[in-house]
Visitor: 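Take this structure, written in structure tokens, and hold onto it; I'll ask about it next.
This structure is a prediction, so every number in the text was calculated from the model and none was measured. Sequence positions, counted from 1, serve as the residue numbers for this chain.
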Amino acid sequence: MKVLVIGGGAREHALCRSLSLDPDVTALHCAPGNAGIAEVAELHPVDALDGAAVAELATSLAAELVVVGPEAPLVAGVADAVRDRGIPVFGPSAEAAQLEGSKAFAKDVMAAAGVPTARSYVCTTPAEIDAALDAFGAPYVVKDDGLAAGKGVVVTDDIETARAHALACDRVVIEEFLDGPEVSLFAVTDGETVVPLQPAQDFKRALDGDEGPNTGGMGAYSPLPWADPKLVDEVLQTVLQPTVEELRRRGTPFSGLLYAGLAITSRGVRVIEFNARFGDPETQVVLARLKTPLAGLLMASATGNLAALPPLRWSDGAAVTVVIASHNYPGTPRTGDPITGLDAVAEQDAPEAYVLHAGTKYDAEGRVLSAGGRVLSVTATGADLATARDRAYAAVGRISLDGSHHRTDIAAKAAEDAKGGEQAG
């Protein structure tokens with residue numbers, strides 16, 4: 001199978017890594033890719049938002065499956081342009097991708113489907129904003145209605161900060177604060193059948209102890225030893241399946257990856273948001289544990305054959321990923337700094353630990369340089385969370401990037417709690 005992956009972040013590197021290990025994949029291409037992806041796939045320059053250009057590339061490569069990684073190309077209709085050429089695509093149509101492209105649209109779908117979520121107001125004027133903030137009180141949850149690369153949400157006790165963020169958005173969703181731990185649950189769907197993957201938890205804040213500004217994600221782990229074993233089935237029945245059925249009822253079936261961001265509240269599971277693609281950095285840990293070959297799963301979604309797929313197989317172990325971010329991220333990041341130590345990780349830590357590239361590029365001398373805010377995702381596996389975590393941080397310690405920062409507490413509490421539970425048992 002010839003596969004073309006669209007995108008160039010750590011999520012796409014994780015996808016390409018898994019696809020490169022799949023014996024059914026005979027040729028792997030990525031556009032535009034990054035320095036790390038170049039090690040496992042042939043790269044091609046393309047504007048990922050240009051559907052005609054992507055479709056032309058896929059046709060010229062005789063691609064048998066196209067995987068659209070990021071949200072912006074999906075919302076821009078890139079998957080539609082490729083499908084129009086008769087090529088199977090993993091990724092929803094532009095209309096279905098509005099589930100991520102517009103939070104107001106997602107709220108409307110959830111209301112129609114009876115999906116549990118936070119109460120909210122959609123606001124377009126200063127008066128509506130003030131009324132909504134007053135109605136809910138602190139902590140204030142303010143979300144840009146459109147795409148914002150994971151940084152369009154502000155949660156704050158300061159009303160002026162909340163109001164300023166709301167006023168900076170053309171349309172904004174203001175909603176009640178949801179208490180309780182957050183969980184990310186991915187599901188692969190072909191528009192009818194829904195196949196949930198294993199849950200993960202990510203860390204949005206930039207600093208240890210969940211301090212600092214929101215980011216696109218600073219790390220993640222899977223599985224969740226503290227989660228109810230029935231959680232996945234519950235979310236499938238109350239969130240994922242109803243949402244897919246509602247979109248099909250509207251004539252905009254959702255095919256691809258449906259990502260539910262959840263809060264496990266004192267009143268039960270509530271949806272925080274939907275995404276229309278694999279999440280970053282959760283993809284890194286979920287795919288690290290998936291034993292079922294990836295290409296067949298994605299192709300079954302793209303061709304409407306998920307119902308015939310055997311149950312997914314998973315590793316019994318754990319996976320942890322730690323993001324190394326560039327100086328000043330999530331503000332305007334400094335780029336162009338050399339990255340060293342990648343060879344040391346490959347030599348000393350593989351295959352249990354490896355580096356997935358996000359914002360990287362090669363210079364004229366063949367050195368790997370930083371080229372974005374989140375630069376690398378260092379991912380490790382192990383028999384349990386503590387082992388995977390130790391391996392991930394050992395690998396992080398071999399890497400040098402001037403001015404970079406990373407969190408030191410990814411999966412720390414979960415690993416400690418799991419260890420305590422084993423000792424108690």
Side-chain angles (χ1 to χ4, degrees), residues 9-21 34-37 39-40 184 186 197-204 208 215-227 278-292 294 313-325 339-360 368 374-401 404-419 422:
R11 163 187 50 227
E12 287 75 39
H13 194 176
L15 287 164
C16 285
R17 182 181 184 274
S18 291
L19 289 166
S20 73
L21 299 173
N34 63 37
I37 295 174
E39 297 175 7
V40 295
S184 299
F186 301 160
L197 307 187
Q198 289 288 299
Q201 185 175 60
D202 75 332
F203 295 74
K204 291 289 189 198
D208 286 3
T215 72
M218 295 298 292
Y221 69 95
S222 179
L224 312 182
W226 50 267
F278 278 103
D280 178 359
E282 300 97 322
T283 300
Q284 289 86 302
V285 293
V286 172
L287 291 187
R289 298 185 56 231
L290 179 66
K291 294 175 73 174
T292 297
L294 183 61
R313 295 180 293 113
W314 296 93
S315 160
D316 290 332
V320 172
T321 194
V322 180
V323 171
I324 298 177
I339 303 166
T340 60
L342 300 176
D343 290 342
V345 175
E347 292 168 4
Q348 300 181 49
D349 301 297
E352 290 82 9
Y354 48 89
V355 180
L356 298 169
H357 291 232
T360 65
V368 179
R374 289 187 296 169
V375 181
L376 303 168
S377 282
V378 181
T379 304
T381 57
D384 51 41
L385 277 175
T387 303
R389 186 173 183 278
D390 288 346
R391 287 173 175 167
Y393 277 106
V396 167
R398 303 190 207 286
I399 297 169
S400 179
L401 171 61
S404 67
H405 63 96
H406 63 272
R407 284 185 56 159
T408 65
D409 62 347
I410 303 300
K413 185 176 186 306
E416 191 61 36
D417 289 349
K419 190 182 297 183
E422 291 167 5

Visitor: What's the verdict on side-chain contact (heavy atoms from CB on, under 4.5 Å) for Arg289 and Val285, showing C-alpha distance, side-chain angles and the deciding distance?
Guide: CA-CA 7 Å; Arg289 298 185 56 231; Val285 293; 5.9 Å; no
Visitor: Please report the closest heavy-atom contact between Phe203 and Asp409, naming both atoms and the distance.
Guide: CE2-O, 4.2 Å
Visitor: Considering residues at least two apart in sequence or located in another chain, which fulfil the side-chain contact (heavy atoms from CB on, under 4.5 Å) criterion with Arg17?
Guide: Leu21, Tyr354, Leu356
Visitor: Using distance only, find each side-chain donor-acceptor pair of residues 313-321 under 3.5 Å and give its atom names and separation, not counting sequence neighbours.
Guide:
| residue | atom | partner | partner atom | Å |
| --- | --- | --- | --- | --- |
| Ser315 | OG | Gly317 | N | 2.9 |
| Thr321 | OG1 | Val378 | O | 3.3 |
| Thr321 | OG1 | Thr379 | OG1 | 2.9 |

Visitor: Can you give me the closest heavy-atom contact between Gly219 and Val323, atom names plus distance?
Guide: N-CG2, 3.9 Å
Visitor: What residues, two or more places apart in sequence or in another chain, satisfy side-chain hydrogen bond (donor to acceptor under 3.5 Å, both in side chains) together with Ser184?
Guide: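 Counting only residues at least two positions away or on another chain, Ser184 forms a side-chain hydrogen bond (donor to acceptor under 3.5 Å, both in side chains) with Tyr259, Glu282.
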Visitor: Roughly how far apart are Leu385 CG and Lys413 NZ, rounded to 0.5 Å?
Guide: 12.5 Å
Visitor: Is there a side-chain contact between His406 and Tyr393 (heavy atoms, below 4.5 Å)?
Guide: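 Contact flag for His406/Tyr393 side chains = yes.
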Visitor: We want to know whether Thr387 and Asp384 form a side-chain donor-acceptor pair, criterion being a heavy-atom distance below 3.5 angstrom.
Guide: yes
Visitor: Can you tell me if Thr360 uses its side chain to pair, donor with acceptor, with the backbone of His357 under 3.5 Å?
Guide: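 Not confirmed, Thr360 side chain does not pair with His357 backbone.
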Visitor: side-chain hydrogen bond (donor to acceptor under 3.5 Å, both in side chains) with Asn34: which residues, sequence neighbours excluded?
Guide: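 By the side-chain hydrogen bond (donor to acceptor under 3.5 Å, both in side chains) rule, Asn34 matches no residue at all.
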Visitor: Checking side-chain contact (heavy atoms from CB on, under 4.5 Å) against Leu376, which of Leu401, Val368, Leu342 comes through?
Guide: Leu342
Visitor: Taking only residues two or more places apart in sequence or in another chain, which ones pass side-chain hydrogen bond (donor to acceptor under 3.5 Å, both in side chains) with Gln201?
Guide: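 Here the qualifying residues are Tyr221.
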Visitor: How close do Ile37 and Gly9 get, heavy atom to heavy atom, and via which atoms?
Guide: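 So the two residues come closest at CD1-O, 4.0 Å.
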Visitor: Using side-chain heavy atoms (C-beta onward) and a distance below 4.5 Å, is Pro281 in contact with Arg374?
Guide: yes
Visitor: Would a 4.5 Å heavy-atom cut-off, applied to side chains only, mark Arg389 and Glu416 as touching?
Guide: no
Visitor: Which atom names give the shortest non-hydrogen contact between Ala380 and Ala388, and what distance separates them?
Guide: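 Heavy-atom minimum between the residues: CB-O, 3.4 Å.
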Visitor: Suppose the criterion is salt bridge (charged side-chain N to carboxylate O under 4.0 Å, His left out): which pairs have a residue in residues 344-353, not counting sequence neighbours?
Guide: Asp349-Arg398
Visitor: What is the distance from atom OG1 of Thr283 to atom CG of Leu290, rounded to the nearest 0.5 Å?
Guide: 11.5 Å
Visitor: Could you measure the distance from the OG atom of Ser222 to the CG atom of Asp202? Nearest 0.5 Å is fine.
Guide: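 It comes to 12.0 Å.
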Visitor: Considering all heavy atoms of both residues, which atom of Ala200 and which atom of Leu224 are nearest to each other, and what is their separation?
Guide: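 Smallest heavy-atom distance, with atoms named: C-CD2, 3.8 Å.
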Visitor: Could you measure the distance from the CG atom of Leu197 to the CG atom of Leu287? Nearest 0.5 Å is fine.
Guide: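 Rounded to the nearest 0.5 Å, the CG-CG separation comes out at 8.0 Å.
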Visitor: Roughly how far, to the nearest 0.5 Å, is the CD atom of Gln284 from the OG atom of Ser377?
Guide: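 Between atom OG of Ser377 and atom CD of Gln284 there are 4.0 Å.
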